[in-house]
Number of protein chains: 2
Amino acid sequence: MKKHTHGNNTTLLENHKLRITPVRQQVLGLFMGKPHALSHSDIEQTLVGDFDRVTIYRTLTSFVDKGLVHKIPAENGVVRYALCKDTCSEEAHHHSHVHFNCGACGQTFCLENISVPTITLPQGYTFTDMNYLATGTCKNCNKAQH
Amino acid sequence: MKKHTHGNNTTLLENHKLRITPVRQQVLGLFMGKPHALSHSDIEQTLVGDFDRVTIYRTLTSFVDKGLVHKIPAENGVVRYALCKDTCSEEAHHHSHVHFNCGACGQTFCLENISVPTITLPQGYTFTDMNYLATGTCKNCNKAQH
DNA sequence: AACTAATTTGCAACATTGTTGCAAATAGAC
DNA sequence: GTCTATTTGCAACAATGTTGCAAATTAGTT
């Protein structure tokens, strides 16, 4: 099997000040190959060659820290991760997009292209981050039912 | 110690087709006494008389099923629960309010009184539930800093 | 007040998810 | 190739959530 995404991954990791290691390249490759968010166990089951559970946790943590991926907690408590688009960095995550969790296929997508209205908080509250999670049925699953 | 909330709790439980038991009365009492959301471990530590961990899980599950409380997953994966206002039932939960998680005190509040804009999803997607989670600093903690 | 059926509880055991410390291996810079 | 800081694997642990089953309890009925 050829590592056709090798070059891209490496550059991305370097850009985020992360050392190039096999786990990181593979995990990043998974994210780039899938349109939806991945949980720790998704990743653990998909990786070729066995890496330690702990290593995967630490890989994900470092990715979040360096602004490469963001965390998406689902309603049932499952935590997933998805690639950040562009504006995220070590300093801060900026995710004003909606996360969509499909009840049929169970997958979580980032809906980048829909407008997100601004929510005004009450007096005295300040906020650093806003998270939108929609639950329902996704395009594919709706089509499948028809 | 007097059970001063006994009457209220009992009625609420009956209204939601739940049998009246000591755990349920106490857990419901906790929710009614606190303005913020509670996690399983919050509840476990606060209850007087020791009830089994499993029983508390099942109590919370039954409350959610019957539309008495709703689940609020935080960004770090911690799951909390808060009382539903009124319109929730066994059939469906309707929570178009914002959940606010304070990074300073760690508490989660339901902000009922702020307007929540409608989000329009892309073609093909249908949604049943929308969840807003803001992270930042709450009124009290902002005041404390000043 | 006693009887009964269905629900709920406690216990034990287990599964999953996430964390920490430390020695060995590795990446990147010289 | 050498050196240093980072990363990995392992082991152990902590926290969170689930399941099966027997005993206890609730609420309705006589």
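Note that this is a predicted model, so its numbers are computed, not measured. Just so it is clear: chains get the letters A, B, ... in the order the sequence lines come, proteins before strands, and each one is counted from 1.
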Under 4.0 Å between a side-chain N or O of A:T55 and OP1 or OP2 of D:dG9? yes
Looking only at side-chain N and O atoms, does A:T59 come under 4.0 Å of OP1 or OP2 in D:dT7? no
Grab the [atom1]-[atom2] distance between [X] and [N] for me, whole Å please.
{"X": "A:I20", "N": "D:dT6", "atom1": "CD1", "atom2": "P", "result": "15 Å"}
{"X": "A:E14", "N": "C:dG28", "atom1": "CD", "atom2": "P", "result": "7 Å"}
{"X": "B:K17", "N": "D:dG28", "atom1": "NZ", "atom2": "P", "result": "14 Å"}
{"X": "A:Y57", "N": "D:dA15", "atom1": "OH", "atom2": "P", "result": "15 Å"}
{"X": "B:D50", "N": "C:dT9", "atom1": "CG", "atom2": "C1'", "result": "13 Å"}
{"X": "B:D42", "N": "D:dG17", "atom1": "CG", "atom2": "C1'", "result": "16 Å"}
{"X": "B:I56", "N": "C:dG10", "atom1": "CD1", "atom2": "C1'", "result": "12 Å"}
{"X": "B:D52", "N": "D:dT16", "atom1": "CG", "atom2": "P", "result": "15 Å"}

Can you classify the ring geometry of B:H40 versus B:Y57 as parallel (below 30°), tilted (30 to 60°) or perpendicular (above 60°)? parallel
Answer whether the closest heavy-atom distance between the side chains of A:R24 and A:R19 falls below 4.5 Å. yes
Between the side-chain atoms of A:R58 and the base atoms of C:dG18, is any donor-acceptor pair under 3.5 Å? no
Using a distance-only criterion (donor-acceptor N/O pair, under 3.5 Å, no hydrogens), is the base of C:dG10 paired with the side chain of B:R53? no
Show the numbers, then the answer: is there a ring pair (Phe, Tyr, Trp, His ring centres under 6.0 Å) between A:F63 and A:Y81? CA-CA 10 Å; A:F63 281 11; A:Y81 302 81; 9.3 Å; no
Reckon B:V54 touches a base, only the sugar-phosphate, or nothing at all at heavy-atom distances under 4.0 Å? base
Check every strand shown and say whether B:V78 touches a base, only sugar-phosphate, or nothing at a heavy-atom separation below 4.0 Å. nothing
For A:T135 and A:N101: C-alpha separation, side-chain torsions, deciding distance, then whether side chain to side chain donor-acceptor pair (under 3.5 Å) applies. CA-CA 5 Å; A:T135 313; A:N101 181 246; 5.1 Å; no
Which comes earlier along DNA chain D counting from the 5' end, the contact point of B:L18 or that of B:S41, where each point is its nearest nucleotide? B:S41
So, does B:N131 use its side chain to make a donor-acceptor pair with the main chain of A:L133 at under 3.5 Å? no
Upstream residue (5' side of DNA chain C) when B:F51 and B:R19 are each assigned their closest nucleotide: B:R19
